[in-house]
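Working notes, structure below.
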Amino acid sequence: MKTTKKITVTVILVIIIALLGTGCFLFPPKIPKEKMIDVELTYEVIMVDGKAIFEITTNLPDDARLWMRLSGNDDGFEQDETILINGGKGRTGEFSNDGAPLNPGKYTVNIILSTAENQSEKFQLAAGKEYEYLTGDLVHNDGGGKSIFIAEGWVLE
């Protein structure tokens, strides 16, 4: 009977040690405060010959890839651009009506941080593989992971 108890206790100890080794009982590591990024992002619209160029200023790490869509004006206008951030700055190409000036009216500006798999390794190291280092009012977690999403109105007069 004593041998059975020894074997049972030994087996239980081996299982506990194995589970501890895999991290099953450990809490997620606490992220050092200095790694956290309270995300800020602003843009300025520069008009050149009736075409809009958006200059982005942000504290996102270098190599951040943003996706931007300008849409609206009741004429079905919609154009997408990808923005690469370096040194806290990024810039779109020209938003135009097939090369012609944009029509005056109301537009919607959408800016989204591309998904982690579309980001460089350098950016993922700074922001976290699942953007766990990103925080602030612009960072949203919809249950599918963190993202940055901005939707604002813009009027071209």
Side-chain angles (χ1 to χ4, degrees), residues 18-157:
L19 289 174
L20 284 173
T22 64
C24 290
F25 292 120
L26 299 178
F27 294 101
K30 187 170 181 168
I31 300 169
K33 195 172 189 174
E34 62 272 5
K35 280 199 150 218
M36 297 304 291
I37 301 166
D38 186 6
V39 177
E40 299 172 6
L41 191 149
T42 59
Y43 62 86
E44 182 181 338
V45 184
I46 299 168
M47 296 301 296
V48 177
D49 298 326
K51 302 165 192 169
I53 298 170
F54 288 76
E55 284 193 348
I56 308 294
T57 302
T58 183
N59 63 341
L60 284 168
D62 284 352
D63 285 356
R65 287 191 184 281
L66 301 171
W67 172 81
M68 183 180 161
R69 172 172 284 169
L70 184 64
S71 60
N73 199 30
D74 298 329
D75 62 2
F77 177 83
E78 195 171 82
Q79 184 178 332
D80 299 334
E81 289 281 330
T82 300
I83 307 160
L84 183 63
I85 300 298
N86 279 304
K89 303 279 185 190
R91 185 178 180 136
T92 67
E94 292 181 342
F95 285 91
S96 68
N97 242 338
D98 293 321
L102 292 171
N103 294 326
K106 295 179 183 178
Y107 291 85
T108 300
V109 175
N110 291 306
I111 302 173
I112 299 171
L113 179 65
S114 296
T115 56
E117 61 265 11
N118 291 322
Q119 301 290 352
S120 71
E121 188 174 327
K122 177 181 176 181
F123 176 79
Q124 289 182 29
L125 286 171
K129 293 273 185 201
E130 297 175 7
Y131 300 155
E132 60 268 23
Y133 304 151
L134 303 182
T135 187
D137 293 340
L138 299 178
V139 180
H140 305 280
N141 192 343
D142 61 4
K146 284 186 173 182
S147 65
I148 294 174
F149 180 77
I150 297 170
E152 296 180 345
W154 175 63
V155 177
L156 176 59
E157 296 177 356

- request: Output all residues satisfying side-chain contact (heavy atoms from CB on, under 4.5 Å) with Asn141, sequence neighbours left out; order by chain, then residue number.
  value: Lys146
field: Non-hydrogen side-chain atoms of Ile111 and Ile148 separated by less than 4.5 Å
entry: no
task: Kindly give the heavy-atom pair with the smallest separation between Phe123 and Ala64, and that separation in Å.
output: CE1-CB, 3.4 Å
Side-chain donor or acceptor of Gln119 paired with backbone N/O of Arg65 under 3.5 Å: yes
field: Pairwise side chain to side chain donor-acceptor pair (under 3.5 Å) hits with a residue in residues 87-96, at least two apart
entry: Glu55-Arg91, Thr57-Lys89
query: Is any side-chain heavy atom of Leu113 less than 4.5 Å from a side-chain heavy atom of Leu41?
result: no
field: Minimum-distance pair of heavy atoms, taken over all atoms of Tyr133 and Gly128
entry: CD1-N, 3.4 Å
field: Result of checking Asp137, Asn59, Thr135 against Val39 for side chain to side chain contact (heavy atoms under 4.5 Å, CB included)
entry: Asn59
- request: Just grab all the ring pair (Phe, Tyr, Trp, His ring centres under 6.0 Å) pairs involving residues 78-106, residues at least two apart or on different chains.
  value: Phe54-Phe95
- prompt: Partners of Asn118 by side-chain hydrogen bond (donor to acceptor under 3.5 Å, both in side chains), sequence neighbours excluded?
  reply: Thr115
Which residues share a side-chain contact (heavy atoms from CB on, under 4.5 Å) with Asn86, sequence neighbours left out: Asp62, Asp63, Leu84
field: Which atom of Phe77 lies closest to which atom of Leu70, heavy atoms considered
entry: CE2-O, 3.4 Å
- request: For Lys51, check side-chain hydrogen bond (donor to acceptor under 3.5 Å, both in side chains) against everything at least two apart and list the hits.
  value: none
- request: Show your reasoning for whether side chain to side chain contact (heavy atoms under 4.5 Å, CB included) applies to Ile150 and Val109.
  value: CA-CA 8 Å; Ile150 297 170; Val109 175; 5.9 Å; no
statement: Tightest non-hydrogen contact, residues Ile37 and Ala126, listed as CD1-O, 3.8 Å
message: Taking side-chain hydrogen bond (donor to acceptor under 3.5 Å, both in side chains) as the definition, give me every residue that meets it alongside Glu152, ordered by chain and number, with sequence neighbours left out.
response: Tyr43
message: Going by the rule salt bridge (charged side-chain N to carboxylate O under 4.0 Å, His left out), which residues pair with Asp80 if we only count those two or more places apart in sequence or in a different chain?
response: Arg69
task: Just grab all the salt bridge (Lys or Arg N to Asp or Glu O under 4.0 Å) pairs involving residues 110-130, residues at least two apart or on different chains.
output: none
Contacts of type side-chain hydrogen bond (donor to acceptor under 3.5 Å, both in side chains), residue Asp38, not counting sequence neighbours: none
statement: Applied to residues 101-111, the side chain to side chain donor-acceptor pair (under 3.5 Å) test, sequence neighbours excluded, yields Asn73-Tyr107, Asp75-Asn103
- prompt: Could you state the interatomic distance from OG1 (Thr82) to CE (Met68), rounded to the nearest 0.5 Å?
  reply: 11.5 Å
query: Which distance, rounded to the nearest 0.5 Å, do you find between the CD1 of Ile83 and the CD1 of Ile56?
result: 4.0 Å
